[in-house]
Participant: 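After the structure tokens below, expect a handful of questions from me.
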There are 2 protein chains.
Amino acid sequence: MLTYFSIKLGTIMADRKTVRGAPIKTPIGEQDGIDFSIIELFFFAYRDFTSDPDEILADYGFGRAHHRVLHFVNRRPGLTVAELLDVLKITKQSLARVLKQLIDTDHIVQLPGPRDRRQRELYPTEKGRALALALARPQSRRIRTALGDSGLGNRASIELFLKAMVNPELRAQIDILPANPTQKLSGNDHGEH
Amino acid sequence: MLTYFSIKLGTIMADRKTVRGAPIKTPIGEQDGIDFSIIELFFFAYRDFTSDPDEILADYGFGRAHHRVLHFVNRRPGLTVAELLDVLKITKQSLARVLKQLIDTDHIVQLPGPRDRRQRELYPTEKGRALALALARPQSRRIRTALGDSGLGNRASIELFLKAMVNPELRAQIDILPANPTQKLSGNDHGEH
DNA sequence: AAAAATATGTCAGCATTATTGACGTATTTT
DNA sequence: AAAATACGTCAATAATGCTGACATATTTTT
């Protein structure tokens with residue numbers, strides 16, 4: 001058995017690494033019923049979309065994770081740490097690192113929850129608000145240009161499409177966020193869920 | 001000077017960390033002329049979009065980087081290492097690690113370039129083709145559903161929008177890719193820039 | 001009132017994916 | 001023959017995620 005195996009390796013297969021499949025030379029394509037164009041456009045689009053703020057963030061020694069935290073704290077001032085974790089879908093240990101830096105640099109402040117003093121409500125400072133705006137500006141400009149390029153009436157379609165790309169369970173969170181043109185926010189009580 | 005500083009810290013400011021900006025309690029919103037809705041929808045959509053293949057990849061001990069390499073090698077069989085680097089916009093050291101794993105696991109094979117034997121043309125094996133399809137399937141399904149949800153005629157608009165979101169310099173590369181439904185490869189001269 | 005649960009914070013270690021810098025080897029171009 | 005190019009590899013570092021363990025304050029349950 002061992003002999004057979006080594007003969008096979010030594011003579012027929014040479015070594016494990018020479019047992020290779022043949023190269024396939026035809027491109028994969030939509031003929032397989034799969035929308036590769038949109039798939040890779042999504043990759044390229046998102047990469048460039050995030051590159052705008054990345055450059056600004058680098059000046060502050062921040063990364064993409066800081067951006068996300070800053071963004072949602074600005075969108076929902078007063079959200080608690082637990083709520084933020086639920087939106088970002090990361091662990092508290094991952095959040096802690098970036099949140100601490102944002103607090104230490106006075107972009108975000110914490111207030112004890114009024115009903116439950118264990119909670120920490122997160123608010124942007126003026127500095128944090130300004131940075132959030134500065135980060136969003138080039139992204140918004142890119143979107144505006146892209147909408148212009150692809151026809152002005154598309155914004156609603158794009159928004160519907162993107163929302164439909166999100167897992168259904170998570171769409172509820174999106175609707176919590178304020179000033180969505182498609183819906184008004186009567187009272188911002190993030191008291192349950 | 002030192003005394004003044006410590007008095008200031010000790011009595012007025014207590015320590016550096018207590019000099020905090022006031023919490024801003026109003027949500028940032030579209031009133032600033034910035035399209036926060038689309039910005040965060042893009043984040044949520046992309047996160048869920050990539051989560052589908054991530055689960056499959058985990059079974060192979062692969063990550064997102066492997067997916068990207070496998071995708072583009074399947075889309076453009078025979079591309080060289082340099083071309084792949086140019087598409088992915090990463091360093092060769094970053095590519096090396098994942099490419100090596102894909103070659104060792106017989107998902108990708110290398111052939112010396114026919115004209116220039118220093119080059120390595122990359123091809124998928126049948127195994128690599130199958131995995132690329134398996135990874136793309138749930139993503140394509142998600143897109144199809146989202147397009148259905150947001151109206152059937154939107155596909156062209158979505159494609160235009162996403163393409164317009166990509167940096168202009170990079171759109172040439174996108175047009176190289178095969179079987180784009182909106183354009184035939186015949187009149188596709190990406191020869192300028 | 002004591003015990004349990006919850007919200008948050010923190011320490012330590014690890015994985016993935018990216019980076020920069022340096023250097024080696026084969027091949028092609030000058 | 002020398003220089004440039006394409007690719008591979010080693011080493012160190014950074015950002016962002018993860019798990020596990022444990023501490024502290026506060027609230028809820030018993």
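Order of the sequence lines sets the chain letters (A, B, ...), proteins ahead of strands, with each chain counted from 1. Note that this is a predicted model, so its numbers are computed, not measured.
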Participant: Under 4.0 Å from OP1 or OP2 of C/dT28: is there any side-chain N or O of B/Q119 that close?
Facilitator: no
Participant: When the nearest nucleotide of DNA chain D is assigned to B/E121 and to A/G61 on a heavy-atom basis, which residue is associated with the more 5' position?
Facilitator: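 That would be B/E121.
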Participant: Atom NE2 of B/H67 to atom P of C/dT16: distance rounded to whole Å?
Facilitator: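 After rounding, the reported distance stands at 18 Å.
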Participant: Rounded to the nearest Å, what distance is computed from the CG atom of residue A/D116 to the C1' atom of nucleotide C/dT6?
Facilitator: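 To the nearest whole Å, that distance equals 8 Å.
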Participant: Closest nucleotide of DNA chain D for A/A65 versus for A/R118: which of these residues is on the 5' side?
Facilitator: A/A65
Participant: Starting at atom CZ of A/F62, determine the distance to atom P of D/dA14, rounded to an integer number of angstrom.
Facilitator: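 It works out to 17 Å between those atoms.
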Participant: So which heavy atom on A/T105 is nearest to which on A/L102, and how close?
Facilitator: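 Between these two residues, the closest heavy atoms are OG1-O, 3.3 Å.
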Participant: Is there a side-chain contact between A/H66 and the phosphate of D/dT16, meaning an N or O under 4.0 Å from OP1 or OP2?
Facilitator: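 Checking A/H66 against D/dT16: at least one side-chain N or O falls below 4.0 Å of OP1 or OP2.
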Participant: Could you state the atom-to-atom distance from CZ of B/R117 to P of C/dT25 in whole Å?
Facilitator: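 Atom-to-atom, B/R117 to C/dT25, this comes out as 18 Å.
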Participant: Does B/T91 have a side-chain nitrogen or oxygen under 4.0 Å from the phosphate oxygens OP1 or OP2 of C/dA18?
Facilitator: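 No, no such contact exists.
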Participant: Side chain of A/R68: nearest nucleotide among C/dT28, D/dG8, D/dT16?
Facilitator: D/dT16
Participant: So, does A/R115 get its side chain near the phosphate of C/dT6, meaning an N or O under 4.0 Å from OP1 or OP2?
Facilitator: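 A/R115 to C/dT6 OP1/OP2: no side-chain N or O under 4.0 Å.
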Participant: I want to check one thing: is the phosphate of C/dT17, taken as OP1 and OP2, less than 4.0 Å away from some side-chain N or O of A/R64?
Facilitator: no
Participant: Nearest of C/dA18, D/dT9, C/dT10 to any side-chain atom of B/A96?
Facilitator: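 Of the candidates, D/dT9 comes closest.
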Participant: With a 4.0 Å cut-off on heavy atoms, is B/Q110 in touch with a base, just the backbone sugar-phosphate, or nothing at all?
Facilitator: sugar-phosphate
Participant: From the list D/dG17, C/dC11, C/dT20, which nucleotide is the closest neighbour of the side chain of A/Q93?
Facilitator: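 Per side-chain heavy atoms of A/Q93, the pick is C/dC11.
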Participant: Looking only at heavy atoms, which two atoms of A/A146 and B/M165 are closest? And how far apart?
Facilitator: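 Of all heavy-atom pairs spanning A/A146 and B/M165, the closest is CB-SD, 3.7 Å.
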Participant: Can you tell me which nucleotide in C/dA18, D/dT27, C/dT8 comes closest to the side chain of B/I90?
Facilitator: C/dA18
Participant: Less than 3.5 Å apart, any donor N or O on the side chain of B/S140 or A/D35 sitting next to an acceptor on the other?
Facilitator: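 The answer is no; no qualifying pair exists.
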Participant: Quick one: A/L99 CG to C/dA7 C1', roughly how many Å, whole number?
Facilitator: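 Distance check: A/L99 CG to C/dA7 C1' gives 14 Å.
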Participant: Regarding B/S37 and A/E159, is there a side-chain donor-to-acceptor distance under 3.5 Å anywhere?
Facilitator: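 B/S37 vs A/E159: no donor-acceptor pair found between side chains.
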Participant: Could you report the tightest heavy-atom contact between B/P27 and A/R75, atom names first, then the distance?
Facilitator: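 The pair with the smallest heavy-atom distance is CB-O, 3.4 Å.
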Participant: Can you hop from B/L122 to A/I24 via hydrophobic side chains spaced under 4.5 Å?
Facilitator: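 Different hydrophobic clusters.
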Participant: In whole Å, I'd like the distance from the NZ atom of B/K92 to the P atom of C/dC23.
Facilitator: 13 Å
Participant: Give the rounded distance in Å between these two atoms: CG of B/L85 and P of D/dT9.
Facilitator: 14 Å
Participant: Is the phosphate of C/dT17, meaning OP1 or OP2, less than 4.0 Å from a side-chain N or O of B/S94?
Facilitator: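 So the side-chain polar atoms of B/S94 never come under 4.0 Å of the phosphate oxygens OP1 or OP2 of C/dT17.
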Participant: Give A/R97 one of three labels, base, sugar-phosphate or nothing, depending on what nucleic acid heavy atoms sit under 4.0 Å from its own.
Facilitator: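 Base, at least one base heavy atom under 4.0 Å.
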Participant: Rounded to whole Å, how long is the line connecting atom CG of B/L95 with atom C1' of D/dA6?
Facilitator: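 Those two atoms, CG and C1', are 13 Å apart.
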